[in-house]
Amino acid sequence: MARNLRHLGFLALICASLSISGAAVIRPINDAHRSAALEIFVPTDGSFGSLEEAYEALRTFQILGVEKSPEISHATCPVVVEKLGSSSFIPKDLFHALRVNSILGCQIDSRTFEDVASKLQAVIKDANSLLDFHYAVGGLLHIKDYGINVALLDTDGTFHSIKALSQSDGRWRYDSNSAESSTYAAGIALETLAGVVSLADKEVDQSKIGIVEHDIVKLFDSIKSYDDDTLYFDEKHIDASEYKGPLTTSASVVRGVTAFAEVASGRLNIPSDKMLGLAKFFLSIGIPGSTKDLFNQIESLSCLENNRVSIPLILSLPSMVFSLTTRDQLKVEVTTVLGSAAPPLTVSLVQAFRSDSKDTPVMENQELQFDSENTIHYLDIIPLKLDVGKYKLMFEISLHDPENINTYATGGHTSVMAFITGSIKIDKAEIGIFDSDPGNSETLQKLDLSRDSTLSLAANHLQKLHLSFHLTTPLGHHFKPHQVFLKLRHETNVEHIFVMESSARQFKIVLDFLGLVEKIYYLSGKYEIELTVGDAAMENSFLQALGHIELDLPEPPEKAARPPPLPVDPYSRFGPKQEIAHIFRSAERRPPKELSLAFLALTFLPFVGFLIGLMRLGVNLKSFPSSAVPAAFSTLFHAGIAAALLLYVLFWLKLDLFTTLKVLGFLGVFLVFVGHRTLSHHASATAKLKSS
């Protein structure tokens with residue numbers, strides 16, 4: 001049992017520590033995102049709630065390489081055809097229908113595309129809001145991909161109308177009547193302007209392109225950051241109903257900036273570190289729980305995967321824990337945000353700091369070797385003489401080809417938290433009971449904490465319990481774990497926990513029972529002794545029972561504190577309850593069986609007298625009606641009387657009073673009715689007989 005507890009304690013501690021250090025771990029897109037996409041984007045009978053939701057699902061599947069279900073095409077294409085062929089239209093619906101069609105490839109003829117293009121051209125001509133321009137220009141871009149001529153009629157006027165909504169800080173307004181500008185709208189505007197340049201039938205004036213590039217630089221001046229160098233965009237001052245949140249806002253800016261960079265003649269003046277910081281922000285989110293957030297994350301990373309500004313390279317560690325016992329290697333992966341291979345490069349471990357001494361590096365300038373078969377950079381940690389503990393590792397990426405320096409963003413130094421674990425040596429363990437403070441070596445017993453023990457100790461309130469041991473790392477250094485507890489558990493399950501302190505390279509505790517009698521509530525008797533030693537870097541953490549100690553303590557004074565009530569298990573109320581024992585009144589004395597049978601015979605005497613009376617009176621059926629209707633009523637009347645007698649018998653045998661009264665109520669009404677008709681006929685027949 002103690003052996004199992006050791007492993008449980010170790011797992012709990014290592015998981016807790018990894019949850020802290022792994023909070024900022026950044027990994028590129030992997031299979032976990034693909035599984036999440038299939039779980040989050042779930043169509044109903046092959047269709048989604050709207051064309052916008054359908055595009056978000058299809059685009060996410062497309063980027064992640066997830067195969068879409070054929071049912072989606074069968075259910076969605078008819079909706080796309082209906083939207084594009086309708087005479088009445090909304091620009092937003094046409095925009096989403098064209099986006100969905102760009103992925104599904106529905107059967108739509110060129111005449112339909114030409115009609116939709118003319119509608120969108122009319123929208124651009126009369127548009128007065130940013131979203132109208134965005135839907136119309138975006139729709140024309142998708143139609144252009146099918147070889148349809150969709151050149152803008154007035155490129156300069158359209159460009160100027162959109163640019164007129166910009167502000168000096170790089171943000172945009174949704175329309176000329178909007179009082180507030182928006183960072184989210186800036187991303188939409190940049191994406192729309194990029195579409196205008198792509199649809200232009202002639203080259204756009206480069207001075208206008210330069211003005212927009214300056215707006216982008218001003219927009220990036222407002223970027224925000226976290227402590228781990230991740231960067232994001234957020235709204236400054238905007239109505240709560242229009243607030244989008246950092247993820248949606250950052251995604252809009254990334255889409256707009258990367259789209260505009262594709263149509264700009266030169267390279268945008270955006271520092272590569274900012275593009276890398278945005279990539280780290282999207283990856284640090286992990287796996288979002290909503291469809292909209294997952295789409296924004298994946299599509300933004302797709303825009304960063306291959307852009308003309310700067311392609312971020314992500315340095316990540318497949319494992320954050322390295323064991324000295326199993327001689328693990330330090331492995332590092334460098335990929336793009338979607339997990340594609342990086343260009344030729346070198347990874348160096350610039351510095352390594354212990355968490356408890358961040359000013360002095362324990363190691364510097366170690367170049368990692370490259371495994372081309374597994375595309376992994378690795379380094380053996382055993383020769384580095386790194387001891388167990390938590391470390392901050394500083395890495396640096398160096399590109400081999402100088403031309404790639406302006407293409408990829410490496411971010412300078414990248415810091416990662418890691419654990420180096422090992423087996424801690426536990427020796428010089430001693431335990432004993434003594435009277436004087438220094439203790440006598442003869443009274444101390446050697447203790448082997450690597451195996452179970454069954455110590456049996458005894459002490460009174462004038463004695464003390466002594467326990468000490470040494471912890472040594474694989475490199476021979478003193479080790480101080482996070483948790484070192486000694487627990488005494490009384491036979492009544494009252495527990496007392498004592499923290500063991502480190503002194504002179506050993507852990508030692510002396511329990512003076514004279515000073516502890518009040519704390520342990522003067523409870524004499526048997527106490528189980530448990531020792532807990534645990535740390536995230538200690539592979540052999542344990543919780544071990546050492547044995548027990550019998551304490552003989554004085555009687556408690558009248559005003560002494562009482563032990564607290566034991567905690568009640570909240571699930572105990574669902575368990576079996578105590579059986580209830582009912583106490584019934586003892587049965588009264590009954591008469592003899594013969595006497596009871598005699599009284600039963602007496603109850604039949606009236607019935608016998610009734611039968612004798614009928615025979616003496618000469619009862620017959622001569623006066624029974626002969627005609628059909630009176631005979632039927634007479635029969636029903638006698639049957640009703642028989643039913644009433646049967647009801648009395650049933651009441652005596654099985655029926656309760658309430659059921660009997662209900663039936664008797666209906667039966668009584670029936671008897672009154674048929675009895676009245678029967679007696680009326682009998683009285684009429686008697687009257688006729690007398691008159692004749």
Side-chain angles (χ1 to χ4, degrees), residues 1-14 423-473 478-517 519-535 538-553 563 566:
M1 177 179 178
R3 189 71 61 183
N4 293 334
L5 289 174
R6 295 183 192 179
H7 292 63
L8 290 173
F10 167 69
L11 289 174
L13 291 169
I14 196 69
S423 181
I424 303 301
K425 182 181 179 182
I426 308 170
D427 59 356
K428 299 181 181 180
E430 296 178 330
I431 189 171
I433 303 295
F434 57 88
D435 299 325
S436 59
D437 291 339
N440 299 320
S441 58
E442 293 80 5
T443 62
L444 297 178
Q445 303 180 36
K446 298 296 183 180
L447 193 61
D448 187 359
L449 295 179
S450 63
R451 64 183 64 181
D452 295 336
S453 60
T454 56
L455 290 173
S456 180
L457 305 175
N460 57 37
H461 64 288
L462 300 177
Q463 294 179 310
K464 301 177 182 180
L465 172 65
H466 170 97
L467 174 64
S468 63
F469 54 88
H470 288 242
L471 296 177
T472 309
T473 66
H478 174 62
F479 182 70
K480 187 176 181 180
H482 289 160
Q483 297 179 349
V484 184
F485 300 137
L486 180 67
K487 180 190 292 185
L488 298 182
R489 183 188 295 111
H490 191 253
E491 53 194 358
T492 59
N493 288 330
V494 177
E495 295 182 349
H496 306 281
I497 298 177
F498 306 92
V499 179
M500 297 187 64
E501 300 292 342
S502 176
S503 176
R505 299 179 62 85
Q506 73 170 348
F507 284 89
K508 178 180 178 181
I509 188 171
V510 177
L511 297 182
D512 185 357
F513 295 119
L514 181 60
L516 293 174
V517 288
K519 182 177 180 180
I520 60 180
Y521 309 109
Y522 293 88
L523 290 177
S524 299
K526 184 178 179 180
Y527 285 81
E528 299 293 336
I529 306 175
E530 287 184 357
L531 178 62
T532 302
V533 179
D535 191 273
M538 183 177 176
E539 295 178 359
N540 54 333
S541 299
F542 63 88
L543 187 158
Q544 183 172 328
L546 304 182
H548 70 273
I549 180 173
E550 288 280 350
L551 287 183
D552 183 14
L553 304 180
L566 296 177

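Bear in mind the structure is a predicted one, so any value in this text is a computation, not a measurement.
Counting only heavy atoms from C-beta outward, the side chains of Ile529 and Leu455 never approach each other to under 4.5 Å. Here the side chains of Leu465 and Phe498 are not in contact, with every heavy-atom distance at 4.5 Å or above. With a 4.5 Å cut-off on side-chain heavy atoms, Leu447 and Phe469 do not count as touching. Counting heavy atoms from C-beta on, the side chains of Leu488 and Leu511 come closer than 4.5 Å. Under the 4.5 Å side-chain criterion, counting only non-hydrogen atoms from C-beta, His478 is not in contact with Gln506. Contact annotation: the side chain of Ile431 approaches that of Leu457 to within less than 4.5 Å [non-hydrogen atoms, C-beta and beyond]. In this structure, His461 and Ile520 have side chains that are not in contact, with every pair of non-hydrogen atoms separated by 4.5 Å or more. The shortest distance between side-chain heavy atoms of Ile424 and Asp535 does not fall below 4.5 Å.
Separating the CD atom in Gln463 from the CZ atom in Phe434 is a distance of 10.0 Å, to the nearest 0.5 Å. Annotation: the span from Gln445 atom CD to Ile433 atom CD1 amounts to 9.0 Å, rounded to 0.5 Å. For the atom pair Gln544 CD and Leu449 CG, the distance stands at 6.0 Å (nearest 0.5 Å). Atom-to-atom distance recorded for Thr532:OG1 and Phe542:CZ is 8.0 Å, nearest 0.5 angstrom. Rounding to the nearest 0.5 Å gives a distance of 8.5 Å between CD of Glu501 and CZ of Phe507. To the nearest 0.5 angstrom, Glu491 atom CD is 8.0 Å from Lys526 atom NZ.
Residues Gly534 and Ser541 come closest through the heavy atom pair CA-OG, 3.5 Å. The two residues Asp552 and Ser524 come nearest to each other via the heavy atoms C-OG, 3.9 Å.
Glu495 is linked by a salt bridge (charged side-chain N to carboxylate O under 4.0 Å, His left out) to Lys487, Arg489, counting only residues two or more places apart in sequence or in another chain. With sequence neighbours excluded, the residues that form a ring-ring contact (aromatic ring centres under 6.0 Å, His included) with His490 are Tyr527.
Side-chain atoms of His470 and Thr472 form no donor-acceptor pair, as typed in the model, at a separation below 3.5 Å.
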(request) May I have the step-by-step check of side chain to side chain contact (heavy atoms under 4.5 Å, CB included) for Ile497 and Leu486, ending in yes or no? (result) CA-CA 6 Å; Ile497 298 177; Leu486 180 67; over 6 Å; no
(request) Evaluate side chain to side chain contact (heavy atoms under 4.5 Å, CB included) for His496 paired with Leu516, printing each intermediate quantity in order. (result) CA-CA 10 Å; His496 306 281; Leu516 293 174; over 6 Å; no
(request) Please test Phe485 against Leu531 for side chain to side chain contact (heavy atoms under 4.5 Å, CB included), starting from the C-alpha separation and ending with a verdict. (result) CA-CA 6 Å; Phe485 300 137; Leu531 178 62; over 6 Å; no
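Using a 4.0 Å cut-off between charged side-chain N and carboxylate O, Glu430 and Lys446 make a salt bridge.
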